[in-house]
Every structure is written in C-alpha cells, then in structure tokens.
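Residue numbers start from 1 in every chain, and the chains themselves are labelled A, B, ... in the order their sequence lines are given, proteins ahead of strands.
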Amino acid sequence: MSTSRKPQGGTTRRGFLSAAGGAALAAGAIRPAVSAGPENLPPNVPGWSRYLGSGVDAYPYGQPSSFESHVVRRNVAWLTASVESSVNFTPLHELDGIITPNGLCFERHHAGIAEVDPSDYRLMINGLVDKPMIFTLDDIKRFPRTNKIFFLECAANSGMEWRGAQLNGCQFTHGMVHCVMYTGVPLKLILEEAGLKTNAKWLMVEGADAAGMNRSVPLDKALDDCMVAFKMNGEALRPEQGYPLRLVVPGWEGNMWIKWLRRIEVGDQPWHTREETSKYTDLLENGKSRRFTWAMDCKSVITSPSPQAPLLHKGHNILSGIAWSGRGTVDRVDVTLDGGRNWRPARIDGPSFDKAVHRFYFEFDWQGESLLLQSRAIDSTGYVQPTKDELRAVRGTNSIYHNNGIQTWHVRGNGEVENVEVS
Amino acid sequence: MLKSAKRFALTAALALAAGPALGGALGLGSEARPEEVTAWDIDVRPDGQGLPEGGGTVEQGEMLFQERCTACHGEFGEGAGRWPVLAGGYDTLDSDNPVKTIGSYWPHLSTVYDYIRRAMPFGDAQSLTADETYALTAYLLYLNEIVAEDFELTKENFTSIELSNESGFIPDDRPDTPGLSEREPCMTDCKPEVVIRMRARVLDVTPDTEDTSAVTSD
C-alpha cells in the first residue's frame with residue numbers, strides 16, 4: 001500500500017533508497033521515526049537534501065506522505081453483518097484543526113457505495129408542490145451557491161459505550177464525526193423552484209443507493225439552513241459521501257443527510273420510515289422510545305493523548321481535542337487531569353462556526369504520574385456535556401443513539417492510554 | 001424576521017420572495033412528467049398514501065420468504081448472524097436485552113411495505129412486484145402472530161392493521177440533563193476520590209492497529 005505511490009526507481013542511488021524505504025514501510029510495523037537512521041541526522045547530509053526528488057505530475061492527484069499510511073479509516077468488523085451495510089471510523093487521534101480531510105471522513109452505508117454517473121443524475125421534487133420538477137446536476141449548479149462548514153455526526157457515535165468502556169481508541173469511540181466545508185445550494189431555493197403548497201409541512205428525502213434511504217424532515221428545518229451540496233472541501237463529493245449530491249442537515253443526526261439524493265417529496269405529515277422508527281429511535285429504560293431525536297447534543301473528546309496516541313515524552317505536553325454542538329457554537333471546554341476532581345478551562349483555537357467542530361488545546365507538564373483525562377464542553381445555549389452516568393440515570397443503557405457523555409482516558413506511568421470509566 | 005433581514009441583500013440579488021409558495025423564480029429544471037413521478041414515487045405513509053393496487057396472502061409470502069429472505073433473516077424471521085430479527089421479541093423492550101422486531105417495536109405497518117419495496121431483498125432492491133410486497137408483508141404479520149395463516153393483505157385492508165407498539169413512542173424531550181441555568185459546573189474539589197470502575201482492555205474487542213505499541217518514556 002505504502003509503495004504504490006512511489007515512482008519506479010532505476011539503478012540510481014535515489015531509486016534504490018526509495019525502493020528500500022518503501023519495502024521497509026510495506027513490511028508494516030516500522031514507523032518513520034524508527035526506520036530513520038543516523039545518516040540522516042546532523043552533522044550528516046540526508047539523501048533528500050542532496051538528490052532530486054520526484055517531478056511534478058508524479059502524483060497527478062496528490063496523496064499524503066507514505067510515512068502517514070497508517071492514518072486511515074478503520075472499521076470494527078464484529079459490529080455489522082456485512083461491509084455493504086456497515087460503518088468505518090475517522091482517525092481523530094491523527095487529525096488537528098477543525099476540517100476533516102475528505103478521504104478520512106467516516107463512511108456509513110446501508111447498501112454499499114452507489115456509483116452514480118453525474119450525467120445521468122436526476123433530482124426529483126414531487127408531492128405538495130405547484131409543479132413536480134426534475135433537476136440535472138447542471139441545473140443544480142446554476143442555482144446561487146453558499147459555502148458552510150458543518151460537522152456531521154452519526155447518531156450512533158459512541159453507541160457501543162452505553163454499557164461501559166468497550167473500544168480502546170477515540171477513532172472507534174468517537175470517530176463517527178467529521179467536519180468539512182460544503183459548497184451547494186440552499187434547499188429553500190430548490191423547493192421554491194417547484195413551489196410549495198400552503199399545506200406543506202414535511203419533506204421525505206430519499207437516496208439513490210440500493211437502500212433507497214429515506215427520512216422525514218420538517219419543512220421549517222429545510223427552509224432554515226438545509227442545503228444540497230455537490231462539493232466538500234472544495235472538490236466534488238467523494239462517492240462514499242454521496243457523489244454527486246447529498247443533503248446537508250446542519251446539527252442534526254448524520255442519517256438524515258441523505259447521500260446520492262434522488263428525490264424529495266413534499267407532504268403534510270411525517271412518513272415514519274424504517275430509519276426513524278425501527279432505527280434512530282432512542283429506547284428508554286421504561287420501554288418507551290423517543291422519536292425524531294434529530295439534534296446532536298454538545299459533545300467533546302480528547303483526541304490526544306488517547307489510546308492510539310500515547311504520551312511519548314515527559315515534561316511539556318499538549319492535550320488536544322474536538323468539541324461540537326448541534327445547537328450552536330461551543331463556548332467553553334474544561335479539561336481535567338484527575339478524573340473530574342479539578343477542572344481547568346481549555347483554549348479553543350481556530351474558527352468557531354455554528355454547528356461545526358471546534359479545536360481545543362491544554363498545555364500541561366507530565367512527570368510520569370497516572371492521569372485520568374476528561375473534557376467537558378458547554379455550548380452557546382448553555383448546554384453542559386453530561387457525564388455518562390448522568391445520561392444513564394435518565395435513559396438507561398438501551399438507547400444506542402445520542403451518547404454524548406464525558407469520555408475518560410487513563411494515562412499510565414509508561415504513557416499508554418486506555419479507555420476507562422471512573423466513579 | 002431578523003434572519004430575513006440579514007439575508008435581505010442576498011435575497012434581493014436573487015430576486016426571490018421570502019414566502020415559500022412562489023415557485024419558478026429562476027426558471028431552472030424541467031417539469032417532471034406524470035409517468036416519471038409515478039415510477040420513482042415509491043414511498044408509503046402510515047395513512048396509506050402511496051400504497052399501490054394489489055394484495056398478497058400469507059401463504060404466497062411464505063414461499064417468497066423462503067426463497068428470497070431466509071439467508072439473512074432465518075426461516076422464521078429470527079435473523080442469521082447479525083442480520084435483523086424480524087419477529088418475536090414481545091415484552092422485551094424494558095428488559096436488559098430488548099429485541100426490536102416488527103411485532104415488538106415498529107409502530108406502523110406502512111414502514112414494512114415502504115422498506116421492503118425500496119430496499120429488499122438486500123442487493124436486489126426494487127425487484128419485487130406490488131403483490132409480492134403485500135404477500136411478504138402479510139407473512140411478516142403472520143410470523144409476528146398478528147394475523148392468521150389464511151390472511152390476505154390488500155391495499156383496502158392495509159390501514160386497518162395496527163401494531164402493538166404504536167403508542168410506545170414519545171417526542172424528543174431533550175435536553176434531559178442539567179444545563180448552565182440549572183447548575184454551574186464544578187471546577188475545584190468536585191469529588192473526594194476517583195476510582196476506575198471499568199477498562200476497555202478487559203473486553204479486548206478493539207481491532208488491532210499497528211500504532212499503539214512501542215510506547216516510550218524519556
């Protein structure tokens with residue numbers, strides 16, 4: 001995998017070094033820091049400072065450094081019945097800032113990735129409209145555009161942790177969230193092109209994949225801030241994110257952000273589709289279930305240190321994490337190093353956008369003592385991220401969805417980090 | 001109104017009115033022909049909107065189910081491997097092991113028809129006829145002990161079928177934990193001691209990754 005992007009080396013020294021380096025990486029476990037040799041260090045002059053590197057066009061579509069080949073989405077095979085109806089997870093522990101690279105945005109499919117030819121793409125609007133309409137992708141791209149940065153979180157993110165600490169890594173406990181800039185059209189403009197009847201109250205949005213994924217969306221939300229997006233982070237949507245067009249439902253659970261959007265039906269009541277009855281409803285301890293639990297509550301997680309990102313050095317260290325809220329911006333993040341006995345404010349750095357990921361940092365000194373790390377986010381509505389026990393007290397442990405409880409990482413004396421629960 | 005005011009410049013530039021009823025402002029797209037809408041409009045609502053003409057019996061459904069569904073869902077809808085369980089599970093929703101099936105959990109029968117019609121069989125979606133979908137829906141009702149084995153489900157009697165958990169759903173009442181207005185978060189000396197109660201490594205269900213070893217301290 002790591003050698004695939006390397007140009008073919010000849011008999012030159014550069015070619016030999018390149019091939020050797022590639023072979024070492026392909027062997028697997030050796031990280032760049034380990035494979036590096038003293039010949040690259042002062043006072044020596046490393047090869048990359050002496051010999052020509054690859055020319056332009058060696059990689060017409062650029063890829064990350066081969067030294068970063070371990071930074072990939074990963075799945076948890078035992079979670080689901082098949083890879084076509086499954087999920088993988090964003091490697092949050094390797095990322096920084098607020099934007100998720102397109103190739104690392106987690107995937108969740110119900111019938112695999114639909115490969116839609118953009119020239120045969122059609123979006124239909126029907127139901128309670130003045131005139132049922134069909135739009136081509138070119139039509140969509142002639143509407144006025146907008147650019148917005150939003151997080152997308154699966155409602156089941158952290159769902160495996162309701163009964164206790166289970167998966168050892170923030171990629172797996174929290175990796176069903178990503179945050180990108182969408183370019184697209186306000187949904188309101190497209191609906192107005194068809195003309196809404198006065199009794200219109202709900203939309204049914206439907207995907208073109210073999211699951212025909214469909215959800216009900218209240219019209220107020222659709223007219224407020226929903227959009228149909230054809231670009232993410234400036235380039236066309238990735239196939240696994242709904243190429244060529246997906247719905248964007250800011251702040252609400254990811255299942256509603258229909259990918260490969262093929263049809264919107266306007267109606268006067270909700271549809272009660274499979275994904276909003278059998279799934280994505282929140283079973284409480286008394287056997288009743290909440291439904292239409294759309295908003296993603298304020299949540300945060302420390303991404304480093306975390307089980308996949310152990311502490312490597314004593315002395316000065318950087319704690320980093322992300323926070324987000326489906327109801328607004330994140331105003332404040334507190335962190336604790338002692339399991340919640342004492343908290344200190346973290347520093348939110350970078351842009352603060354409505355319903356987007358926020359990045360926070362906390363600098364600390366570590367001398368090898370045991371740490372219990374937690375973060376607690378507070379959003380612009382005054383919502384305070386609860387503990388897992390507070391959530392369980394209200395909801396029990398069968399909810400599956402909407403687990404936004406405070407995460408604890410235990411740092412041992414040797415720097416290893418484990419997912420734990422504390423009193 | 002405030003939001004409208006903020007967007008006034010944009011709205012004016014687009015020559016769009018705020019009201020939702022004014023259509024066709026930009027002249028983009030084309031009108032969908034009736035046969036196009038009919039072909040794609042496959043959704044079904046609890047009130048029966050969207051149901052096609054036709055019907056099917058439990059007996060017909062059983063034959064279809066054995067042929068096209070049992071590989072994943074098991075002969076009696078019990079589910080194979082991690083594939084969904086379709087039948088049974090009554091009186092388990094408030095237990096430690098809730099079994100959410102069509103009979104025990106789903107609130108509306110229309111969801112069954114809508115979902116089979118659009119998504120099943122897995123990997124061969126939209127291959128069933130309207131009558132076949134009625135038959136399979138009838139058989140699933142039979143597996144869940146809601147109808148007798150001689151039952152025929154039709155467009156006409158469809159909405160008369162009620163599922164037992166229809167009243168089991170409540171509106172979203174979050175936030176359900178204290179916010180800033182109720183409680184200022186504690187910052188200092190918040191608890192006397194902290195004890196680790198549970199560790200992920202005990203379960204050992206995390207996939208292997210190559211980047212968790214070789215921890216060093218200096």
Side-chain angles (χ1 to χ4, degrees), chain A residues 29 70 76 81 124 126 130-135 139 142 144 164-168 192-196 204 210-212 263 271-272 274 277-278 283 286-293 308 310 313-314 339-343 372 382-384 386 390 394 398 414-416 418-423, chain B residues 14 20-26 28-32 37 40-41 43 45-46 81-83 93-94 98 105-108 111 114-115 118-119 125 168-170 172 175-177 179-181 185 187-188 190-191 194-201 203 205-207 209-212 215-218:
Chain A
H70 57 289
V76 178
M124 180 183 287
N126 70 306
D130 295 333
K131 193 166 64 170
M133 298 292 294
I134 287 184
F135 300 100
D139 292 333
R142 292 165 67 200
Q166 178 160 238
L167 289 165
N168 214 21
E192 285 174 347
E193 204 65 15
L196 295 172
M204 189 228 56
R263 192 167 66 93
W271 273 257
H272 297 277
R274 188 249 196 183
T277 54
S278 169
L283 181 58
N286 64 4
K288 298 286 187 186
S289 291
R290 290 177 179 149
R291 78 172 136 205
F292 299 143
T293 46
Q308 297 159 287
H313 307 282
K314 289 180 181 170
R341 294 183 69 202
N342 297 285
W343 296 81
L372 290 166
Y383 181 94
V384 180
E390 282 177 318
V394 182
N398 290 331
N414 65 357
E416 285 183 325
E418 186 183 10
N419 174 13
V420 300
E421 295 227 0
V422 294
S423 58
Chain B
L14 306 178
L22 297 176
L26 300 174
L28 295 172
S30 52
E31 184 162 1
V37 174
W40 275 23
D41 184 358
D43 57 85
R45 284 197 323 203
R82 294 192 67 83
W83 296 104
L93 297 182
D94 59 356
Y105 194 66
W106 295 32
H108 302 289
T111 310
D114 179 88
Y115 185 69
R118 70 179 54 251
F169 291 83
I170 61 171
D172 185 3
D176 52 3
T177 50
L180 270 189
S181 58
M187 295 296 285
T188 309
C190 302
K191 30 186 164 176
V194 177
V195 178
I196 295 175
R197 289 189 320 208
M198 189 172 184
R199 298 174 177 278
R201 281 186 191 167
L203 278 171
V205 291
T206 307
T209 58
E210 70 262 48
D211 49 354
T212 55
V215 176
T216 58
S217 303
D218 57 7

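Taking the six-membered ring where the residue is Trp, Tyr115(B) and Trp106(B) present perpendicular rings, their angle passing 60° and hence far from 30°.
Checking Asp41(B) against Asn126(A) by side-chain atom types alone, a donor-acceptor pair falls below 3.5 Å.
Ranked by heavy-atom pairs shorter than 4.5 Å toward chain B, the options Lys288(A), Arg274(A), Arg142(A) are led by Arg274(A). Comparing Glu390(A), Arg341(A), Met133(A) by how many heavy-atom pairs each has under 4.5 Å with chain B, the most go to Arg341(A). The candidate with the highest count of non-hydrogen atom pairs below 4.5 Å against chain A, out of Gly81(B), Ala125(B), Pro98(B), is Pro98(B). Comparing Ser289(A), Ala81(A), Gly212(A) by heavy-atom pairs within less than 4.5 Å of chain B, the highest count is held by Ser289(A). Taking Asp114(B), Val195(B), Asp94(B) one by one and counting their heavy-atom pairs under 4.5 Å with chain A, the maximum is reached by Val195(B). When each of Leu372(A), Asn286(A), Val76(A), Asn398(A) is checked for heavy-atom pairs under 4.5 Å with chain B, Asn398(A) comes out on top.
Both the backbone and the side chain of Thr188(B) come within contact range of chain A, judged by heavy atoms closer than 4.5 Å. For chain B, the nearby part of Met204(A) is the side chain; its heavy atoms alone come within less than 4.5 Å. Of the two parts of Trp40(B), the backbone and the side chain both hold a non-hydrogen atom closer than 4.5 Å to a non-hydrogen atom of chain A.
The distance from the CD1 atom of Ile134(A) to the CZ atom of Arg263(A) is 11.0 Å, given to the nearest 0.5 Å.
Side-chain contact between Leu167(A) and Val205(B) is present, with heavy atoms from C-beta onward closer than 4.5 Å. Within the 4.5 Å cutoff, no side-chain heavy atoms of Met124(A) are placed close to those of Pro132(A).
Ring centers of Phe169(B) and His108(B): at least 6.0 Å apart, outside the cut-off.
Under a cutoff of 6.0 Å and an axis angle of 45°, Arg45(B) and Trp271(A) form a cation-pi pair.
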